[in-house]
Amino acid sequence: MAADTPQRLNKVELCLRRLTDNSGVNEALFRCLARFAKEESSTVWMGEAQGGRAYLDRILGACLGWLQNPAEGRDAVFTKDSCFDVLRVLVRRKSQYFTLDAARRLLLEVLRNRFFESTILSGSAEDVFYDMAAHLDADLCFELAQDFFERAPLPSMLSLTAQKPGYATHLEPNRPTTSEMDPMGVFKMDNALAGVLEFVAEAVRRLVSPDVVGVQELDRFLPYAAACFVHPRSQVRKAALDPFIAVHAKLGASDAEFEELLLRASSEQLAASANLLAKYVAQLHRPELRKLVWTFYQSQDLAA
């Protein structure tokens, strides 16, 4: 473990200043920040309220701010790629210091770059995307997904059968979001919504044990995924099944058993089932969802 000497910290401060001022930003600067983030440093990564120097928030904020307004040049793409290397190191080595706000800011930028930047940068963003699902605390991943779903325009969860796919009424978010929080308007992007459905499914797949998946955790993303079954964009409707499939696979239940429960069991049998996903569907108190889940599940299976 390297000591946090004044010389090292002064060098990091200089890098942050250059990054914030967008002056002399190059690959060497990001290599310096990545080396610093790899070292098992002490409390400097904690927030100032905890007596630290808040280096996670400061480096993350500086990198994300620069990515939204980078200097252009011959090596611009490679410099941006080096910036994503720093973000990957932060996620892999300092995941315990991530808050919901920090994770939200990173996810928004990752989703934006994943879909709208060059091939190199979209691939770099993809790496951060999967690292977040793998290394951030599972509860934080589920909280992050719920936060996104509440801020994105979604069909009402209370009127699943009131709309047909492709003919939904104007969609509104459940929670307002300021332009300062989302300057690029990522919450409104349909492909970003599909990406978050994929993200939470990936987080479920990477859980160490199925015992981690309980009703409280499912409540954070499955109702929103179910609402997306009637989203006007087919891209979102297809992605909506990913969390259901991930939970089904994590619980280790057979397809035949799942089909039997969803299509043939009574509501009482469904509620008493040992299969947590089937039990959860019963608790949603929407009988039509049972057939809908299986229909989507079957169509995806056939498409594969």
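Positions are given from 1 along the sequence.
- Legend: residues meeting side-chain contact (heavy atoms from CB on, under 4.5 Å) with Ser82, ordered by chain and number and at least two apart, are Glu27, Phe30.
- Annotation: side-chain hydrogen bond (donor to acceptor under 3.5 Å, both in side chains) contacts of Asp101 (sequence neighbours excluded): Arg104, Arg105.
- For the salt bridge (charged side-chain N to carboxylate O under 4.0 Å, His left out) condition, the pairs that include at least one residue of residues 122-135, sequence neighbours left out, are Arg88-Asp127, Arg88-Asp131, Arg92-Asp131, Arg114-Glu126.
- When atom types are taken as modelled, the side chain of Gln269 and the backbone of Ser266 share a donor-acceptor pair closer than 3.5 angstrom.
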Test Val25 against Thr79 for side-chain contact (heavy atoms from CB on, under 4.5 Å), laying out the working first. CA-CA 8 Å; Val25 177; Thr79 306; 4.2 Å; yes
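- For the side-chain contact (heavy atoms from CB on, under 4.5 Å) test, residues two or more places apart in sequence or in another chain that qualify with Glu217 are Asp139, Phe142.
- By the 4.5 Å heavy-atom criterion applied to side chains, Leu154 and Leu193 are counted as neighbours.
- You'll find the side chain of Leu100 reaches within 4.5 Å of the side chain of Leu140, heavy atoms only.
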Checking Leu67 against Cys83 for the side-chain contact (heavy atoms from CB on, under 4.5 Å) test, could you report, in this order, the C-alpha distance in whole Å, the side-chain angles of both residues, the deciding distance, and whether it holds? CA-CA 8 Å; Leu67 280 171; Cys83 183; 3.8 Å; yes
Derivation and outcome, side-chain contact (heavy atoms from CB on, under 4.5 Å), residues Trp45 and Asp57: CA-CA 8 Å; Trp45 295 100; Asp57 284 337; over 6 Å; no
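- Looking at Phe149 and Asn174, their side chains never come closer than 4.5 Å, going by heavy atoms from C-beta outward.
- Here the closest heavy-atom approach between residue Val86 and residue Cys63 is recorded as CG1-SG, 4.0 Å.
- The heavy-atom pair separating Leu276 from Gly214 by the smallest distance is CD2-CA, 4.0 Å.
- By the 4.0 Å N-to-carboxylate-O rule, Asp147 lies close enough to Arg175 to be salt-bridged with it.
- Note that CG of Asn26 and CZ of Phe78 are 14.5 Å apart. Values are rounded to the nearest 0.5 Å.
- In this structure, Phe221 CZ and Cys228 SG are separated by 13.0 Å, a value rounded to the nearest 0.5 Å.
- Residue pairs meeting the salt bridge (charged side-chain N to carboxylate O under 4.0 Å, His left out) criterion with at least one member in residues 10-24, sequence neighbours excluded, are Glu13-Arg58.
- A 4.5 Å side-chain heavy-atom check between Met184 and Leu108 finds every atom pair outside the cut-off.
- Looking at residues two or more places apart in sequence or on another chain, you find a side-chain hydrogen bond (donor to acceptor under 3.5 Å, both in side chains) between Glu202 and Arg205, Arg206.
- Taking CG of Leu29 as the reference point, atom SG of Cys15 lies at 4.0 Å (rounded to 0.5 Å).
- Partners of Asn275 by side-chain contact (heavy atoms from CB on, under 4.5 Å), not counting sequence neighbours, listed by chain and number: Leu251, Ala253, Glu257, Phe258, Leu261, Ser273, Leu277, Ala278.
- Inter-residue side-chain proximity for Leu33 and Tyr55 is flagged as unmet; no heavy-atom pair is nearer than 4.5 Å.
- For Arg237 against His231, the heavy-atom pair with the smallest separation is NH1-O, 2.9 Å.
- Taking every heavy atom of both residues into account, Gly195 and Phe115 meet most closely at CA-CZ, 4.5 Å.
- No side-chain heavy atom of Val196 sits under 4.5 Å from any side-chain heavy atom of Leu144.
- Nearest heavy-atom pair across Leu56 and Tyr97 is CD2-O, 3.1 Å.
- Listed for the Lys94 side chain is no donor-acceptor partner under 3.5 Å among the backbone atoms of Val89.
- The ring-ring contact (aromatic ring centres under 6.0 Å, His included) analysis of residues 180-213, with sequence neighbours excluded, yields the pairs Phe129-Phe199, Phe148-Phe187.
- Counting heavy atoms from C-beta outward, Leu197 and Pro243 have side chains that approach closer than 4.5 Å.
- Looking at residues two or more places apart in sequence or on another chain, you find no side-chain contact (heavy atoms from CB on, under 4.5 Å) involving Ser179.
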With side-chain contact (heavy atoms from CB on, under 4.5 Å) as the test, would you mind laying out the steps for Ile59 and Leu19 before giving the verdict? CA-CA 9 Å; Ile59 293 177; Leu19 195 54; over 6 Å; no
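- Going from atom CG of Leu111 over to atom CG of Asn191 covers 8.5 Å, rounded to the nearest 0.5 Å.
- Qualifying side-chain hydrogen bond (donor to acceptor under 3.5 Å, both in side chains) partners for Thr177, counting only residues two or more places apart in sequence or in other chains: Arg151.
- Partners of Phe98 under the ring-ring contact (aromatic ring centres under 6.0 Å, His included) rule, at least two apart in sequence or in another chain, do not exist in this structure.
- Screening residues 176-197 for salt bridge (charged side-chain N to carboxylate O under 4.0 Å, His left out), with sequence neighbours left out, gives Asp190-Arg233.
- Nearest heavy-atom pair, Ala192 versus Val186, reported as atom, atom and distance to 0.1 Å: CB-O, 3.5 Å.
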